[in-house]
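Quick notes on the structure that follows.
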Amino acid sequence: MTGAPVNDVIDELHRRGLIALSTDEAALRVHLAEGPVTYYAGFDPTAQSLHVGHLVQFMVLRALQRAGHRPVVLVGGATGLIGDPRMTAERQLNDRDVVAGWVQRIREQVAPFLDLPAERDGLPAPVYVNNLEWTQPLSAIDLLRDIGKHFRVGQMLAKEAVSARLNSDAGISYTEFSYQILQANDYRELHARHGVTLQTGGSDQWGNITAGIDLVRRTSGAKTHALSTPLVTKSDGQKFGKSEGGAVWLDPTLTSPYAFFQFWLNADDADARTWLPLYSERSAEEVQALIDESVERPAARAAQRALAEELTLLVHGPEQLRQAEAAGRALFGRDDLASLDAGTLTAALTEAGAVTVDGELPSVAVLLQRSGLAASLSEARRTVKEGGAYLNNERVTDADAVPGDDAWLPGGWMVLRRGKRAVAGVQRGA
RNA sequence: GGCGGGUUGCCCGAGUGGCCAAUGGGAGCGGACUGUAAAUCCGUCGGCUUAGCCUUCGAAGGUUCGAAUCCUUCACCCGCCA
């Protein structure tokens, strides 16, 4: 090891558990030590927003940027039209204009992760690209002659996603089979255009990533590198990133900052401890101290709080974090609801989700249903019968009861709750 | 092409004429215990104008006082033979 260049980023990424697979690591360390490296990660527009599952990618991108390397973020306007083969079944193709819209939204969503450190800390500014730029003009002849010649079908068939699909009833379309060629070509283009020599991505992307490395080598002779992140899991085997019925999105209109904060705050103790190193940019010592604290005094939920605070700040910014925290305190605090002032209540309930009621007040059951706390009127009645419905923190016993005028809290609000965690506001209309 | 088996509620899976909105398990939801955890226990788990009514058991039609259960046709899936 004597004389081997020390590289803190790789050490840091290992320490945080962010590296699942890597190409020749010794060579990569040397490469990173030689000077600023331009690296990239790609995001396909398969939905209108990114979700918490994408966050690990940004943690890697940020760590590398902090070490002085230059990030390139690719949004897959072209690959999003083709579809990366999933293990299970063929993807439904989305309309071109729909995908184009998603590209725009995701592009905006990505910005804060890397732009802020660039502006504030003088780190290398990110470059944003869309692979439609070079994939769109590519003719069938160009693709098949210049790029296709470098691909062996045998290797393409051997990729895990492809072989899984070939062996399934679903089979695989030529469209999705071709996906790896396009992603590989992205690496080639970015290597040529921006001097990119490192690609990072999820370990499920490893096959596509290595296809790119091979293509770059065959076409230019250059040696390039790759790192992949592990799949983030939950200790109970459930899928990571789901909460009350849906994905946890980064878009504040799809998942409110309050709900986002609560998602992390409600993590299992075991999960919070394993996730903290992945997502926290605190020092190794601080992270360890938080984990120790979590083991000694689990009820304080130090690890969960750290995750919720850091990530809400990162994704939604300081003002949204402050409001999400205040909302949680207001709604779950020991204080009497009536003692809260109108401003606090308004902020908290707006975060939690609210419905406005004009004119006659409907029954509690109807309010539960309209606020979305219950999916149907039947479910709302059932909830009341089970003792799980609360109005202003008091258990409701009659589903058909109509709240009296004295139920209005400061600011014209009522606090409706289902179970322990699901809260919604009812606001008096005009 | 021939023969046989199958398609049930979010998922798995019982049910072969009335006692079936449909056994059981899982997921989900609520309660208790806790810490707005986990585990455990209890309850709940199609909809509605909720002691009643309406729509569900692959699709359509039929038999019957009455069908998830019987008959016919269609669609899809799975075995065995060719």
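Predicted, not measured: the structure shown is a model, and the values here were computed from it. A, B, ... follow the sequence lines: proteins, then strands. Residue 1 opens every chain.
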Base paired to [N] (Watson-Crick or G-U; both N/O distances under 3.5 angstrom):
N: B/rA75; result: B/rU7
N: B/rG1; result: B/rC81
N: B/rG28; result: B/rU44
N: B/rU36; result: none

Pairwise [atom1] distance for [N] and [M], with rounding to whole Å:
N: B/rG15; M: B/rA22; atom1: C1'; result: 8 Å
N: B/rG13; M: B/rG79; atom1: P; result: 15 Å
N: B/rG18; M: B/rG62; atom1: P; result: 23 Å
N: B/rA67; M: B/rC20; atom1: C1'; result: 11 Å
N: B/rG61; M: B/rG28; atom1: P; result: 39 Å
N: B/rG30; M: B/rU36; atom1: C1'; result: 15 Å
N: B/rA21; M: B/rC45; atom1: P; result: 15 Å
N: B/rG9; M: B/rA27; atom1: C1'; result: 13 Å

Whole-Å distance between [N] [atom2] and [X] [atom1]?
X: A/Phe332; N: B/rG35; atom1: CZ; atom2: C1'; answer: 12 Å
X: A/Arg418; N: B/rC45; atom1: CZ; atom2: C1'; answer: 10 Å
X: A/Asn393; N: B/rU36; atom1: CG; atom2: C1'; answer: 12 Å

> Quick one: side-chain contact (heavy atoms from CB on, under 4.5 Å) partners of A/Gln57, sequence neighbours excluded?
Replying inline: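 For A/Gln57, the residues satisfying side-chain contact (heavy atoms from CB on, under 4.5 Å) (neighbours in sequence not counted) are A/Phe43, A/Thr229.
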>> Which is more 5' along RNA chain B, the nucleotide nearest A/Gly419 or the one nearest A/Gly328? Just name the residue.
In response: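 First, find each residue's nearest nucleotide; the 5'-ward one identifies A/Gly419.
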> Between A/Leu265 and A/Arg417, who's closer to the 5' end of RNA chain B by nearest nucleotide?
Replying inline: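 The residue mapped nearer the 5' terminus is A/Arg417.
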Please determine, by modelled atom types, if [X] and [Y] share a side-chain donor-acceptor pair under 3.5 angstrom.
X: A/Glu286; Y: A/Ser283; answer: yes
X: A/Glu133; Y: A/Asn130; answer: no
X: A/Asn131; Y: A/Thr79; answer: yes

> Which pairs, with at least one residue in residues 102-113 of chain A and sequence neighbours excluded, count as a salt bridge (Lys or Arg N to Asp or Glu O under 4.0 Å)?
Replying inline: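 Applying salt bridge (Lys or Arg N to Asp or Glu O under 4.0 Å) to every pair that reaches into residues 102-113 of chain A, excluding sequence neighbours, yields A/Arg105-A/Asp251.
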>> Strictly by salt bridge (Lys or Arg N to Asp or Glu O under 4.0 Å), give each pair with a member in residues 55-64 of chain A just once, sequence neighbours left out.
In response: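 Sorted pair list: A/Arg62-A/Glu281.
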>> Filter on ring-ring contact (aromatic ring centres under 6.0 Å, His included), then keep only pairs touching residues 80-118 of chain A, sequence neighbours left out; what's left?
In response: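 For residues 80-118 of chain A: A/Phe58-A/Phe113.
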> When you measure from every atom of RNA chain B, which of residues 291-309 of chain A have a heavy atom less than 4.0 Å away?
Replying inline: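 Contacts with RNA chain B under 4.0 Å: A/Pro298, A/Ala299, A/Arg301, A/Gln304.
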>> Counting only heavy atoms from other residues, nucleotides and ligands, does the tally under 6.0 Å from CZ of A/Arg297 exceed 12?
In response: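 No, the 6.0 Å shell around CZ holds no more than 12 heavy atoms from other groups.
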Determine all donor-acceptor pairs shorter than 3.5 Å in which one atom belongs to a side chain in residues 149-161 of chain A; sequence neighbours excluded.
residue, atom, partner, partner atom, Å
A/His150, NE2, A/Asp146, O, 3.3
A/Lys159, NZ, A/Gly207, O, 3.1

Quick one: side chains of residues 397-413 of chain A, donor-acceptor pairs under 3.5 Å with protein atoms, not counting sequence neighbours, listed by atom name and distance.
residue, atom, partner, partner atom, Å
A/Asp398, OD1, A/Asp400, N, 2.9
A/Asp400, OD1, A/Arg381, NH1, 2.8
A/Trp413, NE1, A/Thr346, OG1, 3.0

Please write out each protein N/O paired with an N/O of nucleotides 38-43 of chain B under 3.5 Å, distance rounded to 0.1 Å.
residue, atom, partner, partner atom, Å
B/rG43, N2, A/Glu386, OE2, 3.1

Apply salt bridge (charged side-chain N to carboxylate O under 4.0 Å, His left out) to [X] and list each qualifying residue two or more places apart in sequence or on a separate chain.
X: A/Glu319; value: A/Arg322
X: A/Asp271; value: none
X: A/Arg417; value: none

> OP1 or OP2 of B/rG31 less than 4.0 angstrom from a side-chain nitrogen or oxygen of A/Tyr390, does that happen here?
Replying inline: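 The answer is yes; a side-chain N or O of A/Tyr390 sits under 4.0 Å from OP1 or OP2.
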> For every nucleotide of nucleotides 47-53 of chain B, 5' to 3': is a protein heavy atom under 4.0 Å from its base (B), only from its sugar-phosphate (S), or from neither (-)?
Replying inline: SBSB---
